[in-house]
Amino acid sequence: MRLLSLRRSLPPSPLLPRRTMSSSSAAAPITPAATKLGWIGTGVMGSSMCSHLLKAGYAVTVFTRTKSKAQTLLSMGAHWADSPRSLASQSDVVFSIVGFPSDVRHVLLDPSSGALAGLRPGGALVDMTTSDPSLAVEIHSAAAAAGSSAVDAPVSGGDRGARLAALSIFAGGDEAVVTRLTPLLGCLGRVYYMGGPGKGQFCKLANQVTIATTMVGLCEGLIYAHKAGLDLENYLTAISTGAAGSKSLDLYGTRILKRDFEAGFYVNHFVKDLGICLRECQSMGLSLPGLALAQQLYVSLQAHGEGDLGTQALILALERLNKVSIQPI
């Protein structure tokens with residue numbers, strides 16, 4: 001893993017200038033004055049992430065399926081486009097963070113309305129959705145054929161990381177392009193270069209495997225401590241400074257005790273991610289039983305109509321299995 005420093009000098013830009021730019025501006029680094037951005041997807045994560053770029057002074061055009069969900073960004077000065085293609089025609093760099101691989105394919109590769117169809121030669125696509133590594137490779141190849149570039153850059157850190165610009169960003173693609181884009185990505189968190197096209201997605205999927213099994217452990221520990229009659233607030237405080245401490249515990253332990261299941265990351269999207277992981281495991285010849293168990297528990301939440309809750313709602317599945325209910329603090 002290679003952390004890209006925001007302080008090191010940037011190499012010459014692999015991105016070509018907009019046709020309306022002068023030759024003197026072509027060599028300029030990415031700056032708010034020289035670089036126009038497009039942003040597709042304004043959900044729980046995307047809205048906060050895009051807001052940091054607006055606050056940094058970049059001109060941003062946004063598109064989302066429901067315009068009202070972009071109203072906060074529009075009130076901050078973002079412009080609206082009625083399609084990804086229209087958005088891309090006004091942008092040097094287009095970011096996307098949507099729900100599912102099918103959404104990524106539609107907003108980026110659709111031949112009539114997708115962003116790549118409107119992107120000028122030399123522009124860049126940055127997909128921050130957790131998606132199929134093979135699709136990231138396909139997007140990279142399609143962008144290269146069109147004289148542009150593409151990076152897969154999924155993120156970890158949840159809604160809190162998005163709000164605080166403290167995300168971990170796993171970047172795959174041509175290293176020179178990732179380095180070129182680091183001033184933008186650095187507005188959102190820390191950038192880690194993972195390798196060629198698709199490697200950012202592979203890193204994110206491994207991250208999801210770790211989170212899934214950690215969340216199972218967190219929730220099972222709470223169920224056990226509850227059954228043993230422990231004070232659960234005191235229990236979480238006690239273990240948080242020991243070997244059981246984790247980012248998941250810090251982010252979700254108290255939320256679980258407060259019965260706060262609002263989505264920082266949706267169960268529906270997590271099931272999607274874990275399903276991609278399992279398909280990749282099959283192609284790799286891997287057996288990861290912890291991953292398979294976690295995926296089944298999360299699928300059970302969907303079966304109970306709880307897919308729009310946050311991933312910390314896993315406690316509900318384990319409560320049902322054990323016929324217990326942790327009382328809210």
Side-chain angles (χ1 to χ4, degrees), residues 15-21 30 32-132 135-136 138-140 142-155 162 181 184-185 187-188 263 266 268-269 272 308:
L15 305 183
L16 301 178
R18 294 177 67 86
R19 291 187 179 94
T20 57
M21 287 183 179
I30 287 177
T35 311
K36 297 184 183 299
L37 308 180
W39 191 279
I40 301 171
T42 58
V44 173
M45 303 281 288
S47 184
S48 292
M49 293 163 71
C50 183
S51 72
H52 297 306
L53 296 170
L54 285 165
K55 291 173 184 176
Y58 287 95
V60 182
T61 301
V62 299
F63 169 80
T64 189
R65 285 180 297 186
T66 306
K67 186 177 180 179
S68 61
K69 292 185 178 180
Q71 192 55 53
T72 298
L73 298 174
L74 296 175
S75 68
M76 294 175 64
H79 305 286
W80 173 256
D82 59 8
S83 72
R85 181 173 185 166
S86 174
L87 174 146
S89 70
Q90 306 169 54
S91 306
D92 298 297
V93 181
V94 175
F95 292 86
S96 55
I97 180 164
V98 291
F100 295 85
S102 59
D103 299 319
V104 175
R105 180 178 295 280
H106 178 72
V107 301
L108 296 187
L109 297 183
D110 186 276
S112 60
S113 64
L116 186 57
L119 190 67
R120 63 179 175 80
L125 302 175
V126 183
D127 182 37
M128 309 192 84
T129 315
T130 303
S131 184
D132 290 301
L135 179 55
E138 182 181 346
I139 293 168
H140 181 273
S148 300
S149 57
V151 169
D152 49 292
V155 300
L181 296 172
L184 298 173
L185 297 172
C187 292
L188 312 177
Y266 291 109
N268 283 332
H269 290 169
K272 174 262 297 183
D308 287 331

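These numbers come from the heavy atoms of this one structure, side chains and all, not from hydrogens, waters or symmetry mates. Since the structure is predicted, the reported quantities are computational estimates derived from the model, not experimental observations. If you read the sequence from its start, that first residue is 1, and numbering goes on from there.
- The two atoms that bring Ser91 and Leu119 nearest to each other are O-CD1, 3.9 Å, heavy atoms only.
- Rounded to the nearest 0.5 angstrom, Asp132 CG and Asp152 CG are separated by 11.5 Å.
- Nearest approach of Val62 to Cys50, heavy atoms of both residues: CG1-SG, 4.0 Å.
- Using a 4.5 Å cut-off on side-chain heavy atoms (C-beta onward), Val151 and Leu181 make contact.
- When the salt bridge (charged side-chain N to carboxylate O under 4.0 Å, His left out) test is applied to Arg105, the partners found at least two apart in sequence or on another chain are Glu138.
- What you find for Val98 and Gly41 is that their closest heavy atoms are CG1-CA, 4.3 Å.
- Ala142 is linked by a side-chain contact (heavy atoms from CB on, under 4.5 Å) to Leu109, Leu116, counting only residues two or more places apart in sequence or in another chain.
- Residues Thr66 and Thr42 have side chains not in contact (no heavy-atom distance under 4.5 Å, counting atoms from C-beta outward).
- Within the model, atoms CD1 of Ile139 and CG of Leu108 stand 5.0 Å from one another, a figure rounded to the nearest 0.5 Å.
- In this structure, Asp103 CG and Lys272 NZ are separated by 9.0 Å, a value rounded to the nearest 0.5 Å.
- Here the CG atom belonging to Asp92 is positioned 5.5 Å from the OG1 atom belonging to Thr35, to the nearest 0.5 angstrom.
- Partners of His269 by ring-ring contact (aromatic ring centres under 6.0 Å, His included), not counting sequence neighbours, listed by chain and number: Phe100, Tyr266.
- Contacts of Ser86 classified as side-chain contact (heavy atoms from CB on, under 4.5 Å), with partners at least two apart in sequence or in another chain: Ala81, Asp82, Ser83, Gln90.
- Evaluated for a side chain to side chain contact (heavy atoms under 4.5 Å, CB included) with Trp39, the options Val93, Ile97, Val126 yield exactly one hit, Ile97.
- The two residues Gly123 and Ser148 make their nearest non-hydrogen contact at O-CB, 3.2 Å.
- One finds the OG atom of Ser113 at 7.5 Å from the CZ atom of Phe63 (value rounded to the nearest 0.5 Å).
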Candidate pair Leu54 and Leu37, rule side-chain contact (heavy atoms from CB on, under 4.5 Å), full reasoning:
CA-CA 10 Å; Leu54 285 165; Leu37 308 180; over 6 Å; no
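- Atom CG of residue Leu87 and atom OG1 of residue Thr64 lie 11.0 Å apart, to the nearest 0.5 angstrom.
- Applying the side-chain contact (heavy atoms from CB on, under 4.5 Å) criterion to Ala162, with sequence neighbours excluded, gives Met45, Ser48, Met49, Leu167.
- The two residues Pro154 and Thr129 have their closest heavy-atom pair at CB-O, 3.8 Å.
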Taking distance alone, no hydrogens or angles, what donor-acceptor pairs closer than 3.5 Å link side-chain atoms of residues 67-80 to residues at least two apart or in another chain?
residue : atom : partner : partner atom : Å
Ser75   : OG   : Gln71   : O            : 3.4
Ser75   : OG   : Thr72   : O            : 2.6

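- Closest of all the heavy-atom pairs between Cys187 and Ala56 is SG-CB, 4.0 Å.
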